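Predicted model, so just to flag it, every value in this text is computed and none were measured.
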Amino acid sequence: MLYRTFLFLPGVSEKTEFYLWQEGVTHWWKLLETKSLPGVSSGRLYFWQQKLRHVIPFEDNLSFLAQILPKRHHWRLYEKFKNKALFLDIETDGLKKGHNQVTVLGLFDGKNYQAFIAGENLEEGLELLAEASLVITFGGSFFDIPFLKSLYPWLPDPKVHLDLCPLLKRLGFKGGLKRIEKILGLSRPGEVDGLDGFEAVKLWWRWQRRHDAKALEKLVLYNREDVINLKYLAEITYNGLKHLTLTRHVPALTVSSGG
DNA sequence: CACCAGCTATTGAGATATAT
DNA sequence: ATATATCTCAATAGCTGGTG
């Protein structure tokens, strides 16, 4: 999707980009080859080609691309940069930002999962997070990231943050993570099946007050499922949005003739 | 339960291409 | 030149919904 994206050209939004695709200009190098294009003056075409030539040298530079691309379309960067993705989900001892603490920070780089526990090695995880360039969450834009930043203001913003929650909503998948997983046929191990966020809070209490190692173990297992499933969801989200973008019809030319 | 980013719809100004 | 139609883009406001 990155190489067929033209939204960073001045005066190009979704409509014009879709028009370009229809005219056969389906990736960057085809635009450079194009001699003329109906509806686009040669001056403008030349201007676009110059702009594009200035972007191509940065094709591997995630933060540069994120800067020139509207946030709404950052998901297009996933395919090329997913090897740098860090999937994130936190557990806390309550919802109230500023009063509650992070209990478990779960990170998944696509291969390995790691849980960082409050009172043990949480800081280690925070440092890992601070270095991440592409962070992927479910609901992280209104929960995980603000929550973390309120407790640890020194944390830098990730260069790109993909929140799957609003993205999946665009595809028609409404509801919480568990509900969406169920619709998509993802199942969870029996031990943590049916667990919800509030029970994650209670598991932490049990670990704190009674030093019940089983409770912590279960909490981490729960977090692990949350985080690892994010990768599945990210793939589904990317493919879905790609399909939607490529097949969307331009809704302009419909003129009703009475009735 | 408190919170708040992202979504949607709307508006209006400014560009741009094309036909006459 | 003029008129028209289409599109971009920024600003605004209100709303929705999912997080442990």
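As a whole-Å value, the separation of A:Leu148 CG from C:dG20 P is 12 Å. In this entry the distance linking CZ of A:Phe138 with C1' of C:dG20 reads 14 Å, nearest Å. A straight line from CZ of A:Arg44 to P of B:dT18 spans 10 Å, rounded to a whole angstrom. Taking atom CD of A:Glu14 as the reference point, atom C1' of B:dT8 lies 13 Å away to the nearest angstrom.
A cation-pi arrangement is present between A:Arg4 and A:Trp21, with the terminal nitrogen or guanidinium carbon under 6.0 Å from the aromatic centre and inside a 45° cone about the axis.
Side-chain contact of A:Tyr3 with A:Lys80: a donor-acceptor pair under 3.5 Å is present, judged by distance alone. Side chains of A:Asn239 and A:Thr237: a donor-acceptor N/O pair is absent below 3.5 angstrom, by distance only.
Between A:Ser41 and the phosphate of B:dA17, there is a side-chain N or O to OP1/OP2 separation shorter than 4.0 Å. Distances shown here put a side-chain N or O of A:Thr16 below 4.0 Å from the OP1 or OP2 atom of C:dT8.
Side-chain proximity of A:Phe142 to B:dC4, C:dG20, B:dT8: nearest is B:dC4. Of all nucleotides listed (B:dA5, C:dG20, C:dG18), B:dA5 comes nearest to the side chain of A:Ser141. Distance from the side chain of A:Cys165 is smallest to C:dG18 among C:dG18, B:dA17, B:dC7. Comparing C:dT8, C:dG18, B:dA17 by their nearest atom to the side chain of A:Lys169 picks out C:dG18.
Relative ring orientation between A:Trp29 and A:His27 is described as tilted, the plane-to-plane angle lying within the 30° to 60° band. Ring geometry for A:Trp28 versus A:Phe8: interplanar angle over 60°, hence perpendicular rather than tilted (30 to 60°).
If A:Lys71 and A:Leu37 are placed on DNA chain B by their nearest nucleotide, the residue sitting closer to the 5' end is A:Lys71. Across the interface with DNA chain B, nearest-nucleotide mapping of A:Pro166 and A:Val40 shows A:Pro166 to be the residue nearer the 5′ end.
At most 12 non-hydrogen atoms from other residues, nucleotides or ligands lie less than 6.0 angstrom from NZ of A:Lys51.
Salt bridge absent: A:Arg188 and A:Asp193 never bring a charged side-chain N and a carboxylate O closer than 4.0 Å.
Using a 4.0 Å heavy-atom cutoff across all strands shown, A:Gly140 reaches no nucleic acid atom at all.
Looking at residues 87-108 of chain A, you'll see A:Leu95, A:Lys97 sit with a heavy atom under 4.0 Å from some atom of DNA chain B.
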